[in-house]
Structure formats: structure tokens, C-alpha cells
Amino acid sequence: MQDHSDKKANEKAGYGTTGHEWDGIQELNTPLPRWWLWTWYASIIWAFCYWIAYPAIPMVSSFTKGVLGWSSREAVIADVQGLQTLRGPMTAKIEAASLADIEKTPELLSFARAQGAAAFAVNCSPCHGAGAQGSKGYPNLNDDDWLWGGSLDTIHTTLQHGIRWDADKDTRSSMMPAFGKDGTLKANEISATADYVRSLSGLPTDKGADLALGQSVFAANCAACHGDNGEGNQDVGAPKLNDKVWLYGSDKALIMERITLGGGGVMPAWSTRLDVPTIKSLAVYVHTLGGGQ
Amino acid sequence: MTHPISHSPSLWQRHQIFEKNSIILVIGILIAISIGGLVEVLPLFYLKSTIEQVDGIRPLTPLELTGRNIYVREGCYNCHSQMIRPLRDEVERYGHYSLAAESMYDHPFQWGSKRTGPDLARVGGKYSDDWHRDHLRNPRSVVPASIMPGYPWLEQNLVDLSHVSDDMAVLAAEGVPYSPEMIKAAISDAKTQGSADDASTATFAKRYPKAISRDLGGNVGRLTEADALIAYLQLLGTQVDFKLYDDKANIR
């Protein structure tokens, strides 16, 4: 009975079995689809051509280099050079022009801003925010409130050498002393000074705050950097304390933390990571964000 | 029964021995795969061009090595590669393409294959220690749109240095040039690197040229897992001076 049905299947299919038989069950020898078989042959031929054309087979002391002489490292050098040739004329102009001239020449300005925006997205936005809006400890670069100066040259210097970046010997380095941690000021003095600092920008102070004590502590310890009236000093990167822009925040607790711990934010130096035209473009980009001076 | 295929002892017939005995089939598969594997792998061990000659590559310091182990433990490689491929767009974004020499002391290497986040091969020196600390605790605090998970426990856990000399001894057996002196000084070297102005900074610097050594965590006397990981991240991609490196000499 089984024999009978097998024969019928064979007749219907029009081709034989593989000859294997298990308990009377046989296996049809269905040929592979044509398209599949030819694709397979073609890929074998392709593989052989590839071996000949490209670096492939390891030998005793080296490997076959392939008749095309292609190498991934040579290819990327050529690709990058191609890009440099494409940008070359503009990059050369950016490199040669002064920062002020770049800003005055519309053609250079639009190139610098485009290059600056791209470099900013990769290198700067993780700290300063995608729109350069800043966050706690990382300054907003859109406004005209500058820690170290908002002229083209000061921005350029900040970018080249970073801020408190020890690996660069020309980095901007001044720091606020840790008045609390070092024991220079007592807890009540710190509290009173924090209230006084808030009063400088018209913020409400704690009930019963000793503003007179705060004022005298400020004059003795803080004015040298932050100015007599908290107007700040860009030579030492001391922020204005009499405006509504805060690097860390205006809460009394945050101000007290600052007075206790001192220190200062750190920004890497870019002259070792980015090339000269890119840093110039970035300086122009930041300067033209809105707050440039 | 029709058997259109003839029964003379052809290759197909002899092949039956594999089809009818699973053990022989398994052995056959193993031999075939091994030949394929050996042909691909063995030449890399004897071909000089596999790893280029460059100056500046030193083994990881004990603290960096501990940080690397934390990197592996936390599975950072699931989202981050450490391999800048020789492609124009990668070189434009991340810097010089990775050299084989830069990971020659890594066992196992962390090249990775998945980039949910950016490549980290040259992240050293790109950010401040503070930024890394904030970012590891809660990435959203510095990059609002980040999808990277936070690792807040890293700055709470004190670093465990009890196995670091064993780790170094194993790596030394695998060919990483750790001297017995380095292995012996492992724990004190790790502590030196994680603190500012330690008395033994000079001897440490002699063992590990150009290694950073500073107060990484801003918390004196407490060496945390975050400090170790940051020491490792700050090293990545900084060892070769590409101003001195000759691309053309290493074309392959």
C-alpha cells in the first residue's frame, strides 16, 4: 500500500527519489530552483574575483595585496584629503583672515557659522546644551553675561586653552577659595554672606539675616574677585553677583555651597583636539549666537 | 521502487557514513570549521603587519584596569564601540581611526559592534571629570535627551582593589608587560593615581608614563568605582601622539 502511494507521488513530481528509505518512507530528490542555483554559482565566481582583486590570502610573511592595490587606510586618507580639497579654499581663507574680518565678510561668516555649528553639536553641546543654553555649572553662551569675556579674542583664547584644564599650561586657571572647607569663614558668616549676595541682585533674604556682617565679610573676602558691588571680574572668571544670571543657581543653599567648597568649572582645551580653522569658526559661531561683545 | 541514482560507490554513497552516524557527522563538522577558523586566525599571530609599531602605548594602570573591569561589568560595550573605522565620516567625527596597537593590551578588547551611544575610542580628554561624574550618575542632568541609563551606585561603591594584582598577573601571563614590581605596587599605585599630590606620584609616573593622577572624585580619601571608571575613560585614545604618527608608514 505504501509502495503504491510512493509511486504515485513520484509520477506526479516527474523525478526520482534520493534512494534513501526509512521504514518504507522515501525522500523525493527535488532539484534546487534554477534561480537559486545560478545565484549560487555566480557568488562562487564573485568570491574568486574578489580574492584576486582585493587583499585576501595570508602568506608566509605578508598577504596577497590584490591586483587593484586597494587598502582601507589608503582609501580613508584619500577620502579625507578629498574633503580637504573641497573645503580647502574656504578653510585657507578662514585660517588667514582675522576673527574680526571673518565676521565682516558675509561669505566667510556663513561658512564659519556652518562649520562652527557642526563642531559645536559634536564637541560642545553635551556640556553647554544643544542650543548653547547651558545648565547648572555650564554657562549659557547665548547671553551677554560672560565669565571670561565675550569678545572674539577672549572667546578664542578660552576655546584654545580651556578653563582650569591642567594639561594646557596657558589655561585659564584662577579658582574661588573654599572658604568653608578651609575654615576661613565660620558657618554664621557664610550664611550672612549668602544672604548679602542675594540682596545684591534684589532677591529676598532670610528673616533676621545679618546683612551688615555679610557686607563686611564680602568686602574683606570676596570683593577682590567679585568686585565691591558684585559686578564680577573677567580677568579671574569671577561671575557677576548683582544680576539675575546664575551659573549654579540663586538658592541660598547653593550660594552657601559655593562659598563652602569654592573651586570652579572645568572645560577642556580644544587646540589639541580640533584644528585651527575649526576653533576659529567655533569662536565666530559662539560670538554671533547673540551675546558677542 | 525506482532508484534513478545508480548504486556504484560514488562520492555521494561514501558520504552516507556522515549521514547515518551523528558522532562522525559532528567530528566532521568540527574539523571543517577548525580549518576555516585556523586559516583566518593563525596568520594574524605571525604577520608583522597585524599590529603596527607606535610609540606611547603602555599597559593600563591598576586604577584604569579596575575601571575597565567596571566598564565590562556594567555592559557599557552593549551601547558603545571603541573602534573608529577607517571611514571618512568616522574620522571626521571621532578623530584618527583606531590602530590595532591601541588595543593590543586589552584582553578582551572592547571594540564592540553596537553604537546606541557614540564611539568612545577617543573620549579621553573630551570632557571634564566633573562632567563624567554627573553624566554617569544621571545622563539626563547634562544631556537632557540622553537615553543612556544612570549608574548612580558607581560613586557610592568604594573601589574594590583586592583582585587587581591577580588581574595584572593573569594579563602578564597573556603577554601584557606588567613587571613583578608593578604587580606588587598595584594597590598603592591605584590609590596614588586617585589622589592629588600624593608623595609617591613620581615613582608612579615612572612606572606609567603620562598617566593622569589627580583627585578624580572631588572626595578626598574616598576612591570610588566612578573614579576608577573615569580614570579609564580619560585615558581612552590619548596614548598615541598623532602629530608624530606616520600614516603612510603603516598603510596596509
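In what follows, chains carry the letters A, B, and so on, assigned in the order in which the sequence lines appear, proteins first and then strands, with residues in each chain numbered from 1.
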Side chain to side chain contact (heavy atoms under 4.5 Å, CB included) evaluation trace for A:E74 with A:I77: CA-CA 5 Å; A:E74 225 159 34; A:I77 295 174; 5.7 Å; no
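Residue contact with chain A, scored on non-hydrogen atoms closer than 4.5 Å, is absent for B:R85. Proximity to chain A is absent for every atom of B:D89, based on heavy atoms less than 4.5 angstrom apart. Contact annotation for A:P126: both backbone and side-chain heavy atoms come within less than 4.5 Å of a heavy atom of chain B. Looking at B:E19, only its side chain comes within 4.5 Å of chain A, counting heavy atoms on both sides. Contacts of B:Y127 with chain A are made by both backbone and side-chain atoms, with heavy-atom separations under 4.5 Å. Both the backbone and the side chain of B:V142 come within less than 4.5 Å of a heavy atom in chain A. Interface residue B:E92: only side-chain heavy atoms are found under 4.5 Å from chain A. Heavy atoms of A:M267 lying under 4.5 Å from chain B are absent altogether. Heavy atoms of A:D166 lying under 4.5 Å from chain B are absent altogether.
Side-chain N/O atoms of A:R172 and A:T158 include a donor and acceptor closer than 3.5 Å. Side-chain contact of B:E64 with B:Q193: a donor-acceptor pair under 3.5 Å is present, judged by distance alone. Counting only N and O atoms by type, the side chains of B:D119 and B:Q82 include no donor and acceptor under 3.5 Å apart.
In this pair, B:H135 and B:W131 present their aromatic rings parallel. The plane angle is below 30°, not in the 30 to 60° band.
Here B:Y245 and B:H96 bring their ring centres to under 6.0 angstrom of each other. Ring centers of B:Y77 and B:Y71: at least 6.0 Å apart, outside the cut-off.
The greatest number of non-hydrogen atom pairs below 4.5 Å with chain B, out of A:V76, A:V80, A:V122, is found for A:V76. The most heavy-atom pairs under 4.5 Å with chain B, out of A:S135, A:S62, A:G129, come from A:S62.
Salt-bridge annotation for A:E257 and A:K181: absent, with no side-chain N of the basic residue lying under 4.0 Å from a carboxylate O of the acidic one.
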